[in-house]
Amino acid sequence: MSSDEPSLPSGDPVCPGCQAEGSLLLPCGHSLCQSCLQLCQLELGQDQQGCTECYGRELLDSVLKGLFDSLFQDQTRRVGTRAELGLLDSEEGTDKAAGGRMCAKHGERLTLYCEEDEELICGQCQGEEHEDHACSSLEEAAEECKRELRSALRPLQEKLDTLNMAKQNCRDTAEHIRRQTQHAVRLIRADFEKLQQFLRDEETSILNALKEEEEQKSRKMKEKMDRLTDEITSLADLINSTEEAMSSEDTDFLKSYKKTSERVDCTLRDPEETSDALIDVAKHLGCLKFRVWEKMQNMVTYTPVTLDPNTADVCLSLSDDLTTLRYTEEEQQLPDNPERFCYYECVLGSEGLGSGRHSWDVEVGDSSEWALGVVKENVIRKEWFPPSPERGMWTICLYGGEYRSKNATSAPLTLKKKPQKVRVQLDWDAGRVMFSDASDNTLLYKFKDKFSEKLFPYFSNTCKRHPLRILAEKVSVYTE
């Protein structure tokens with residue numbers, strides 16, 4: 001027992017030892033007078049925690065435990081709590097009971113559930129504190145609470161399913177991105193290989209031309225040198241023979257003088273100057289890159305519009321150069337990204353047109369169902385609706401054997417002949433969209449409107465046998 005215990009404030013309770021008044025309240029919760037406190041310290045020691053009453057209770061607990069152990073030795077027993085055995089203090093017993101199935105206040109079994117206070121109660125609690133409250137049995141309350149939790153879990157489960165689906169979509173999109181990249185890499189390498197092969201062929205051709213010119217002019221120069229060599233040899237022999245004749249005796253010299261004089265009296269022409277003997281370097285090197293670039297027109301194509309595969313409906317198959325769309329009944333496994341169309345078998349151009357004049361030709365051929373035109377960037381893509389300028393679509397189509405313009409008063413168009421190629425012309429600033437037969441520029445239909453945002457070329461095809469193809473334009477290389 002600590003030495004500062006006597007300084008505790010005195011209280012009114014009577015000392016349980018000597019029944020004297022003016023007892024002190026000890027830290028353990030018991031009260032003793034000053035005399036009994038000193039006796040307690042003498043018996044238990046100054047360092048002992050608690051008082052004689054605490055010591056007696058602990059001693060009793062120990063004796064009871066030993067007695068129970070000897071009585072129930074080697075027998076299967078239910079392990080009881082100290083509260084059930086009545087060995088806990090009132091406050092500790094209350095806490096333990098509150099955490100169990102017994103009412104901490106009345107000691108009765110908790111058999112009811114107060115719906116208003118949302119707590120377990122016993123029958124006595126219902127008659128006292130919960131008399132006017134709605135109460136139910138534990139089974140009914142548990143079933144009702146489980147029902148409420150199931151209702152609360154339903155939107156959470158739906159949210160979980162949505163998140164799992166979103167994660168799966170992300171996984172599918174990532175896989176599609178990987179396939180897109182691999183496919184694009186193959187096409188890019190193939191196109192650059194064609195360009196590099198063209199350049200290699202051009203390099204070989206130009207080098208062969210240079211080598212051929214070298215061989216030709218070198219051969220001519222060698223022939224000329226051979227002729228000069230023959231002439232030099234002949235002239236040297238003549239000079240030597242004349243000098244020999246001149247060094248002979250006068251009689252012999254004079255006898256051969258006439259012949260010698262005739263040989264010497266020959267007319268020799270000077271060597272001719274050879275023009276165009278050198279390599280025409282300017283012909284091979286002059287504007288070399290431009291001339292090669294000019295030749296590339298035969299292998300390079302240009303289309304004013306290319307298709308955007310990220311907007312194509314799953315039933316459309318696009319060519320590798322993104323200029324041809326073909327309808328197929330077998331749906332492709334593609335991500336349902338926001339840009340992609342549903343319910344319309346269509347695809348958009350890759351670039352928006354926001355000003356100026358634009359034109360492109362589309363080969364419709366014998367396709368039995370098609371639509372062409374322009375649409376707004378924010379046009380609805382995941383729902384079906386009748387296409388019209390009010391919906392942000394300026395199109396004409398061939399459907400059911402009839403040509404129609406898609407507007408509020410859509411009526412069949414009267415055409416003199418079936419167009420094989422349709423020209424779409426957009427004058428954004430003037431607010432015009434015109435359709436004509438590309439073969440003779442005959443006007444098919446014209447929209448007049450006012451545009452305030454970018455428009456995208458629109459293509460649709462539902463004919464299984466015949467595709468639509470954007471025609472390439474002629475590429476010209478010129479100088480100013």
Side-chain angles (χ1 to χ4, degrees), residues 182 184-304 306 319-323 361 469 471-480:
Q182 293 178 345
V185 166
R186 287 195 297 269
L187 296 179
I188 290 171
R189 287 177 175 171
D191 283 344
F192 271 95
E193 176 59 31
K194 291 178 183 178
L195 293 174
Q196 292 167 1
Q197 185 61 47
F198 171 81
L199 293 176
R200 287 193 292 266
D201 294 343
E202 281 299 305
E203 178 187 12
T204 302
S205 176
I206 293 173
L207 291 177
N208 288 340
L210 176 61
K211 186 174 182 62
E212 183 179 350
E213 183 179 358
E214 178 198 15
E215 293 175 351
Q216 180 182 358
K217 293 189 174 181
S218 297
R219 184 171 57 254
K220 289 183 179 180
M221 196 56 58
K222 184 177 183 303
E223 292 174 355
K224 183 176 182 179
M225 287 190 297
D226 290 342
R227 289 194 302 270
L228 290 174
T229 300
D230 293 341
E231 292 178 1
I232 290 171
T233 302
S234 178
L235 185 58
D237 292 342
L238 178 58
I239 293 173
N240 290 334
S241 63
T242 302
E243 289 177 345
E244 290 177 1
M246 291 172 61
S247 63
S248 64
E249 295 181 357
D250 293 343
T251 302
D252 294 333
F253 169 69
L254 292 175
K255 286 181 179 180
S256 60
Y257 172 73
K258 184 177 181 180
K259 292 182 178 180
T260 302
S261 177
E262 290 177 354
R263 289 199 301 269
V264 173
D265 191 19
C266 63
T267 304
L268 298 177
R269 294 179 298 176
D270 292 333
E272 296 181 357
E273 294 289 339
T274 304
S275 61
D276 195 24
L278 301 179
I279 295 295
D280 190 356
V281 176
K283 182 183 73 173
H284 301 289
L285 294 181
C287 298
L288 175 60
K289 296 177 183 177
F290 177 83
R291 289 186 288 108
V292 173
W293 181 31
E294 194 175 23
K295 286 185 178 181
M296 291 180 71
Q297 297 179 67
N298 297 326
M299 66 165 298
V300 175
T301 59
Y302 169 77
T303 53
T306 54
S319 61
D320 289 339
D321 61 358
L322 303 178
T323 61
D361 293 348
R469 182 167 63 95
L471 298 178
E473 294 184 354
K474 184 178 180 180
V475 180
S476 299
V477 179
Y478 63 91
T479 59
E480 295 182 354

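Residue W293 holds its CH2 atom at 14.0 Å from CG of L288, rounded to the nearest 0.5 Å. Rounded to the nearest 0.5 Å, atoms CE (M299) and NZ (K194) are 7.5 Å apart.
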Side-chain donor-acceptor distances from residues 205-216 under 3.5 Å, at least two apart:
residue: N208; atom: ND2; partner: T204; partner atom: O; Å: 3.1
residue: E213; atom: OE1; partner: H284; partner atom: NE2; Å: 2.6
residue: E213; atom: OE2; partner: K217; partner atom: NZ; Å: 3.0
residue: E213; atom: OE2; partner: D280; partner atom: N; Å: 2.9

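Heavy-atom minimum distance, A472 versus T301: CB-CB, 4.2 Å.
Looking at heavy atoms from C-beta onward, K222 lies out of side-chain contact with R219 at the 4.5 angstrom threshold.
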Next item on the list: Run the numbers on T260 and M246 for side chain to side chain contact (heavy atoms under 4.5 Å, CB included), then give the verdict.
Entry: CA-CA 9 Å; T260 302; M246 291 172 61; 6.0 Å; no
Notebook entry, point to check: Please walk me through it: do D361 and E473 pass side chain to side chain contact (heavy atoms under 4.5 Å, CB included)?
Noted result: CA-CA 9 Å; D361 293 348; E473 294 184 354; over 6 Å; no
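Formation of a donor-acceptor pair under 3.5 Å by the T323 side chain with backbone atoms of S319 is not found in this model. A side-chain donor-acceptor contact under 3.5 Å links S241 to the backbone of L238.
Atom NZ of K220 has 12 or fewer heavy atoms from other residues, nucleotides or ligands within 6.0 Å. Summarising the local packing, CZ of R189 is surrounded by 12 or fewer heavy atoms from other residues, nucleotides or ligands at distances under 6.0 Å. Heavy atoms from other residues, nucleotides or ligands lying under 6.0 Å from CD of E193 number more than 12. Summarising the local packing, CG of L278 is surrounded by 12 or fewer heavy atoms from other residues, nucleotides or ligands at distances under 6.0 Å. A 6.0 Å sphere centred on OH of Y257 holds no more than 12 heavy atoms belonging to other residues, nucleotides or ligands. M225 CE: more than 12 foreign heavy atoms inside a 6.0 Å radius.
Side-chain contact of N240 with E244: a donor-acceptor pair under 3.5 Å is absent, judged by distance alone.
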